[in-house]
Amino acid sequence: MQRIAAPAIDLLSLTPADARAQVNEWLAARGEPAYRLRQVLPRLWRRPVGSWEEASDLPAALRRELAAAFPLGRFALSAHQVSRDGTEKFLWTLADGEAIESVLIPEGKRRTLCISSQVGCALGCLFCATGRMGFRRNLAAGEIVNQVRELVMRDEGGGAVPTNVVFMGMGEPLLNWPAVDAALTILNDSAGFAIGARHITVSTVGIVPNLALLAQRQEQFRLAVSLHAPSPELRLALMPIEKKYPLGGVLAALAQFRRRVTFEYVLIGGRNDSPELAERLADLAAPLGALVNLLPLHPGGAPDLTPSSRAASLAFERRLKRRGVAAVLRRSRGLDISAACGQLRVELEPRSKVRSQEHAHVE
Ligand code: SAH
Ligand code: SF4
């Protein structure tokens, strides 16, 4: 009798516990020995393969059946650029032809991977290149973690997992919460990528109801909130989301958050970099014990805005520090390859060109 094929399951979008249950049941139905589970599961994340065919420790017939039941989605690498400072930008083409970017930032022993959570973004912040492209779609959890998988599979040095992951690529992670929730588990779980929760940062403009969902997670994931302005009026001029989730509500939600938060503040010349605004920012950050990350504006995001001068940036940082606020003026990374984390945008290649470069297969 012919077995009726069950619908294919995207294991990569499941948490390790759910993936384990699925594979376990599937193996048991085939009368496979119990140790197969220990051969199959690590191939998702710990020692990833791009296709089941590559899992050469498994019998060929089983590999074929695994490929039919649990196809492994792959990305095509349509561009890879390396900056003079070592920052690498990866432009991935997804199965449906959409494109996203990830950026790898080496810093001493750290290798921080900046990943995307959506294709584009609906929030239209004035200074952000992703915002200008608008929202196209959410990523599945498997597509979020595939940015790590693809990196590991391509690493000639033997599959190094990044030491840190930041959700600062394309998209607003808290507007894709179910997928980001599962992706956080996969990144952190010892059967997944086993990256410590303190080394995983979710960056958000402050989608208030979903901040609570993140806060409910037991693990110590880090939270970065994109503030960019210490007053509602100025914030509204830079970030349309201020209308829906006003600054006051975001700050009130953060006061409930049991962990230390980081504020992100892009320094824009003549717009949000005055000494008075530094004082107002200190008024907000000090009571929360928040760290302030001062980010130089990447000019690629907004042609009509200018980065703050070095002198104004240093003065802004000094004022915060004088008020007892831990502030760090970041260096811009990957400037020559427009890979400043968080202002990513697929270079406007004609779609056909991206497609013609699609060389990796999608199983
Ligand atoms: N949507 C989320 C996460 C992605 S953006 C958020 O906004 O927090 C990640 C960070 O990059 C944010 O702090 C964002 O404000 C910053 N960013 C966006 N455009 C930028 C630019 N042109 N220069 C510098 N930083 C930018
Ligand atoms: Fe979206 Fe973040 Fe860019 Fe704003 S800064 S448009 S929220 S990706």
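Start at 1 and go down the list; that is how both ligands and their atoms are numbered. Computed from heavy atoms alone, side chains included, the values below leave out hydrogens, waters and symmetry copies.
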From [X] atom [atom1] to [Y] atom [atom2], the distance as rounded to the nearest 0.5 Å:
X	Y	atom1	atom2	result
Phe263	Leu223	CZ	CG	9.0 Å
Gln22	Asp10	CD	CG	11.0 Å
Asn272	Leu281	CG	CG	9.5 Å

*Looking only at heavy atoms, is any part of Cys121 under 4.0 Å from ligand 2, and if so is it the side chain, the backbone, or both, or is it neither?*
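Under 4.0 Å from ligand 2, Cys121 contributes side-chain atoms alone.
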Within the 4.0 Å heavy-atom shell around [X], which atoms of ligand 2 are there?
X	result
Gly124	6 (S)
Gly131	6 (S)
Val205	7 (S)
Leu123	7 (S)

_Is it the case that ligand 1 has an N or O less than 3.5 angstrom from some N or O of Pro173?_
no
Using a 4.0 Å cut-off to any heavy atom of [X], which atoms of ligand 1 qualify?
X	result
Phe167	3 (C)
Gly169	4 (C)
His228	13 (O), 14 (C), 15 (O)
Gly171	1 (N), 2 (C), 3 (C), 4 (C)
Thr204	8 (O)

*asked:* Please identify which of these residues, Gln81, Arg111, His80, meets the side-chain hydrogen bond (donor to acceptor under 3.5 Å, both in side chains) condition with Glu88.
replied: His80
*Side chain, backbone, both or neither: His298 near ligand 1, heavy atoms under 4.0 Å*: both
*asked:* With a heavy-atom distance limit of 4.0 Å, tell me whether Leu297 approaches ligand 1 through its side chain, its backbone, both, or neither.
replied: both
*asked:* I'd like to know whether Glu53 forms a side chain to side chain donor-acceptor pair (under 3.5 Å) with Ser51, so could you lay out the CA-CA distance, the side-chain angles of the two residues, the decisive distance to 0.1 Å, and finally the verdict.
replied: CA-CA 5 Å; Glu53 197 45 50; Ser51 72; over 6 Å; no
_Does atom CZ (Arg110) have a neighbourhood of more than 12 heavy atoms from anything else shown, all under 6.0 Å?_
no
*asked:* As a check for students: among Glu172, Met168, Gln118, identify the option with a heavy atom nearest to atom 9 (C) of ligand 1.
replied: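 Closest candidate by heavy-atom distance is Met168.
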*Looking only at non-hydrogen atoms, which of Ser116, Ser226, Ser117 approaches atom 12 (C) of ligand 1 most closely?*
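Considering heavy atoms of Ser116, Ser226, Ser117, the nearest to atom 12 (C) of ligand 1 sits in Ser226.
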*Any chance you could lay out the side chain to side chain donor-acceptor pair (under 3.5 Å) test for Trp92 and Ser102, step after step, and finish with the verdict?*
CA-CA 8 Å; Trp92 307 110; Ser102 327; 2.9 Å; yes
_Any Pro296 heavy atom less than 4.0 Å to ligand 1_ = yes
*Got an N, O or S from Cys125 under 2.8 Å of atom 3 (Fe) of ligand 2?*
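Checking atom 3 (Fe) of ligand 2 against Cys125, no N, O or S atom falls under 2.8 Å.
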*Starting from the C-alpha separation in whole Å, work towards a yes-or-no answer on side chain to side chain donor-acceptor pair (under 3.5 Å) for Glu172 and Ser117.*
CA-CA 7 Å; Glu172 169 47 54; Ser117 57; over 6 Å; no
_Are Phe167 and Thr201 packed together at the side-chain level, in the sense that at least one heavy-atom pair is separated by less than 4.5 angstrom?_
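Heavy-atom side-chain distance check fails, nothing below 4.5 Å.
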*Check whether any side-chain heavy atom of Leu247 sits under 4.5 Å from a side-chain heavy atom of Leu251, and report yes or no.*
yes
*Give the intermediate values and the outcome of ring pair (Phe, Tyr, Trp, His ring centres under 6.0 Å) for residues Trp52 and Phe70.*
CA-CA 9 Å; Trp52 290 110; Phe70 305 118; 7.3 Å; no
